[in-house]
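Notes for the one structure printed next.
Both backbone and side-chain heavy atoms feed into the values below; hydrogens, waters and symmetry mates do not.
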Amino acid sequence: LVEVVHANLPPTITAEVTSLIMGQDSEEPLGLSVTLSDPDAAEGAVFTLTARATHGVLRSESVAATPAEGAELMLACSVACMRAAVAELVLIPPADFAGRASIQLELGDNGHTGVGGARTATLAFDVLVLAVSSATSAYLPALECLEDSAVVLDGLTLLDGDANGA
């Protein structure tokens with residue numbers, strides 16, 4: 001007697017766009033659009049999604065994640081729930097950070113069916129965080145002068161948050 005046992009097939013996670021540009025100090029949802037599937041999972045099956053950021057912290061605006069905010073988030077819900085959570089994912093870069101970052105998503109099928117245990121799929125997004133110019137400020141102590149007379153601007157201070165000491 002030969003018994004045929006179904007092997008657990010891995011899930012898939014894909015996206016048409018995997019490169020993003022965002023402004024420094026932004027806290028807006030990234031609007032990531034992904035396709036998630038698992039050929040052998042039952043409808044409504046619960047998946048596990050882990051999101052990791054190389055710079056900054058992540059937050060999901062639509063689904064409760066563990067932890068609520070951090071460099072790594074975990075979600076456990078259906079495929080439809082995962083798509084919504086990924087679309088509302090927020091990357092909060094470190095203060096004044098500008099440069100390249102990445103977000104990695106790992107989808108786990110929790111070993112839904114078949115032999116072979118749990119399987120995973122990964123997808124990475126490259127994120128370019130652009131520097132945003134900070135406003136220049138001017139400070140001047142109170143002055144008094146007579147009409148039509150000259151005044152010396154002693155104590156005038158100009159500050160540029162982007163100057164880096166230059």
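- With a 4.5 Å cut-off on side-chain heavy atoms, Phe47 and Met82 count as touching.
- Here OG of Ser102 is found 11.0 Å from CZ of Phe125. Values are rounded to the nearest 0.5 Å.
- Atom CD of residue Glu106 and atom CG of residue Leu49 lie 8.5 Å apart, to the nearest 0.5 angstrom.
- When all heavy atoms are compared, the tightest approach of Val34 to Ala15 is CG1-CB, 4.2 Å.
- When all heavy atoms are compared, the tightest approach of Pro11 to Ala121 is O-CB, 3.2 Å.
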Practice prompt. Mind running side chain to side chain contact (heavy atoms under 4.5 Å, CB included) on Ile92 and Glu69 for me, showing each step along the way?
Written response: CA-CA 10 Å; Ile92 305 166; Glu69 188 174 289; 3.9 Å; yes

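- Residue Asn8 comes nearest to Gly117 through the heavy atom pair ND2-O, 2.6 Å, listed as atom of the first residue, atom of the second, then distance.
- Here the closest heavy-atom approach between residue Val129 and residue Pro93 is recorded as CG1-CG, 4.1 Å.
- The cluster map of Ile, Leu, Val, Met, Phe, Trp and Tyr, joined by side-chain heavy atoms under 4.5 Å apart, puts Ile103 and Phe97 in the same cluster.
- Within the 4.5 Å cutoff, no side-chain heavy atoms of Leu105 are placed close to those of Arg52.
- Applying the disulfide bond (SG atoms under 2.5 Å apart) test to residues at least two apart or on different chains, none of the pairs has a partner in residues 3-33.
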Q) Between Asp109 and Leu9, is a side chain to side chain contact (heavy atoms under 4.5 Å, CB included) present by the stated rule, with each step listed? A) CA-CA 9 Å; Asp109 71 1; Leu9 299 173; over 6 Å; no

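- The list of side-chain hydrogen bond (donor to acceptor under 3.5 Å, both in side chains) pairs with a residue in residues 116-128, not counting sequence neighbours, is empty.
- Think of Val17 as one node in a network of Ile, Leu, Val, Met, Phe, Trp and Tyr side chains linked at under 4.5 Å; it has no links at all.
- With respect to the salt-bridge test (charged N to carboxylate O, under 4.0 angstrom), the residues Glu88 and Arg59 do not qualify.
- Annotation: side chain of Leu128 is not in contact with side chain of Leu20 (no heavy-atom distance under 4.5 Å).
- Val57 and Val90 fall within a single hydrophobic cluster, where Ile, Leu, Val, Met, Phe, Trp and Tyr are joined by side-chain heavy atoms under 4.5 Å apart, directly or via other members.
- The shortest side-chain heavy-atom distance between Leu123 and Gln104 does not fall under the 4.5 Å cut-off.
- Val127 is not listed as a side-chain neighbour of Arg100, based on a closest heavy-atom distance of 4.5 Å or more.
- A continuous path of Ile, Leu, Val, Met, Phe, Trp and Tyr side chains, each step under 4.5 Å between heavy atoms, connects Leu30 with Ile13, placing both in one hydrophobic cluster.
- When all heavy atoms are compared, the tightest approach of Leu89 to Ala51 is CD2-CB, 4.3 Å.
- Residues Gly23 and Ser26 share a closest heavy-atom pair of O-CB, 3.1 Å.
- Using a 4.5 Å cut-off on side-chain heavy atoms (C-beta onward), Glu72 and Thr50 make contact.
- Within the structure, no pair that satisfies the disulfide bond (SG atoms under 2.5 Å apart) test touches residues 2-41, not counting sequence neighbours.
- The distance from atom CG of Leu91 to atom CE of Met22, rounded to the nearest 0.5 Å, is 5.0 Å.
- A 4.5 Å side-chain heavy-atom check between His55 and Pro94 finds at least one atom pair inside the cut-off.
- Between Thr48 and Leu75 there is no side-chain heavy-atom pair separated by less than 4.5 Å.
- No more than 12 heavy atoms of other residues, nucleotides or ligands lie within 6.0 Å of CD in Glu28, so this atom counts as exposed by the packing criterion.
- Applying the disulfide bond (SG atoms under 2.5 Å apart) test to residues at least two apart or on different chains, the pairs with a partner in residues 43-88 are Cys77-Cys81.
- Every pair tested for disulfide bond (SG atoms under 2.5 Å apart) that includes a residue from residues 25-55 fails, sequence neighbours excluded, so the list is empty.
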